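I have placed the structure first, in the form of C-alpha cells, so that the comments after it can refer back to it.
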Amino acid sequence: QVQLVESGGGLVQAGGSLRLSCAASGRTFSNYVMGWFRQAPGKEREFVAAISRGGSSTRYADSVKGRFTISRDNAKMTVYLQMNSLRPEDTAVYYCAAGRYYSVSNDYKEYAYWGQGTQVTVSS
C-alpha cells in the first residue's frame, strides 16, 4: 500500500507558475512509476505527465509539453510537477498516482494508488 498526499495547488493568473508536490508513504517509493493526472469539472480524468522509477524517463501530454516538468526525489519520497505558463484551460483538480507496472504509462488504469487531489485554478 502507498499513501499519496498532494500539495501546492492554488489560484494563479494566466502566465504564472505553480509547483505541485506529492509526498508518498508506505512501500518503497522508488519501486513505482509516478504520474500526474487532472480532472476539470464535467470532463474525464486526463493524463498530464509520468516519470520512471529512477527519474531518467518522462512522458507528457501534448497539451503541457514544454510548459510542465515532472521530477522526483526518491530520498524524499516525493514527486513534483512544475507548471509554467499556466493557462485557464489548465484549471482542474490534479492527482498524483503510483503505477502498477514499470512502464511510463499515460493510462490511468495502470496506476494503482491515488492521492486525494489538489485544486489548481488559473484565472484569465
Side-chain angles (χ1 to χ4, degrees):
Q1 191 84 3
V2 176
Q3 292 80 41
L4 302 171
V5 178
E6 302 96 337
S7 62
L11 173 65
V12 64
Q13 288 188 331
S17 298
L18 282 174
R19 187 173 85 151
L20 305 184
S21 299
C22 173
S25 60
R27 291 189 174 181
T28 305
F29 178 71
S30 58
N31 285 348
Y32 294 91
V33 167
M34 296 299 296
W36 285 96
F37 291 77
R38 66 188 182 187
Q39 188 166 18
K43 294 188 176 181
E44 293 186 352
R45 189 169 298 191
E46 66 171 348
F47 169 75
V48 175
I51 188 166
S52 61
R53 293 176 294 162
S56 61
S57 179
T58 57
R59 184 173 186 173
Y60 296 93
D62 288 343
S63 59
V64 306
K65 219 172 272 186
R67 300 187 298 123
F68 291 11
T69 303
I70 188 171
S71 61
R72 67 190 296 163
D73 185 332
N74 286 343
K76 294 182 178 179
M77 297 179 63
T78 302
V79 62
Y80 305 97
L81 185 68
Q82 177 67 43
M83 305 186 295
N84 299 328
S85 302
L86 282 160
R87 305 167 179 167
E89 54 264 38
D90 295 317
T91 295
V93 177
Y94 283 71
Y95 300 90
C96 71
R100 301 179 192 273
Y101 311 118
Y102 295 154
S103 61
V104 183
S105 175
N106 63 353
D107 184 349
Y108 76 93
K109 294 187 293 296
E110 295 193 13
Y111 290 81
Y113 304 105
W114 294 81
Q116 299 275 42
T118 185
Q119 175 71 46
V120 171
T121 303
V122 184
S123 63
S124 57

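Remember, it's a predicted structure, so these values are computed and weren't measured experimentally.
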Problem set entry | NZ/NE/NH1/NH2 to OD/OE distance under 4.0 Å, Glu46 and Arg38 | yes
Exercise. Is there a path from Val122 to Val48 through hydrophobic residues (I, L, V, M, F, W, Y) whose side chains come within less than 4.5 Å of each other?
Worked result: yes
Problem set entry | Test item: Arg59 side-chain N/O and Val104 main-chain N/O as donor-acceptor pair under 3.5 Å | yes
For this session: To the nearest 0.5 Å, tell me how far Cys22 SG sits from Tyr94 OH.
Result: 14.5 Å
For this session: Calculate, to the nearest 0.5 Å, the distance between atoms OG and CD belonging to Ser124 and Gln13 respectively.
Result: 9.5 Å
Exercise. So does Gln116 have more than 12 non-hydrogen atoms from other groups sitting under 6.0 Å from CD?
Worked result: no
Exercise. Are the side chain of Glu6 and the backbone of Gly117 linked by a donor-acceptor contact shorter than 3.5 Å?
Worked result: yes
Seminar exercise, completed: Closest non-hydrogen contact found for Gln39 with Lys43 is NE2-O, 3.0 Å
Exercise. Hey, which of Leu20, Thr91, Val93, Leu11 is the one that makes side chain to side chain contact (heavy atoms under 4.5 Å, CB included) with Val120?
Worked result: Leu20
For this session: Evaluate the ring planes of Phe37 and Tyr111, with Trp represented by its six-membered ring, and classify them as parallel (under 30°), tilted (30 to 60°) or perpendicular (over 60°).
Result: perpendicular
Seminar exercise, completed: The reported gap from CG in Leu18 to CG in Asp90 (rounded to nearest 0.5 angstrom) is 10.0 Å
For this session: Quick one: do Thr69 and Tyr80 satisfy side-chain contact (heavy atoms from CB on, under 4.5 Å)? Show the steps, please.
Result: CA-CA 8 Å; Thr69 303; Tyr80 305 97; over 6 Å; no
Exercise. Which distance, rounded to the nearest 0.5 Å, do you find between the OH of Tyr60 and the CD1 of Ile70?
Worked result: 6.5 Å
For this session: For residues Thr78 and Ala23, report the shortest heavy-atom separation together with the two atoms involved.
Result: OG1-CA, 4.1 Å
For this session: Give the minimum heavy-atom separation between Ala49 and Leu81, together with the two atoms involved.
Result: CB-CD1, 4.2 Å
Exercise. Between the side chain of Arg72 and the main-chain N/O of Val33, is any donor-acceptor distance below 3.5 Å?
Worked result: no
Exercise. Shortest non-hydrogen contact from Ser103 to Glu110?
Worked result: OG-OE1, 3.2 Å
Problem set entry | Any donor-acceptor N/O pair, Asn74 side chain to Arg53 backbone, under 3.5 Å | yes
Exercise. Would one find more than 12 heavy atoms of other residues, nucleotides or ligands at under 6.0 Å from atom OH of Tyr113?
Worked result: yes
Problem set entry | Trp114 side chain near Arg45 side chain, heavy-atom distance below 4.5 Å | yes
Exercise. Looking only at heavy atoms, which two atoms of Ala112 and Arg100 are closest? And how far apart?
Worked result: CB-CG, 3.6 Å
Exercise. Out of curiosity, Ser17 OG to Phe68 CZ, how far, rounded to the nearest 0.5 Å?
Worked result: 9.5 Å
Problem set entry | Euclidean distance, Asp107 CG relative to Tyr101 OH, rounded to 0.5 Å | 9.5 Å
For this session: Tell me, with the steps shown, if Leu4 and Tyr95 meet side-chain contact (heavy atoms from CB on, under 4.5 Å).
Result: CA-CA 9 Å; Leu4 302 171; Tyr95 300 90; over 6 Å; no
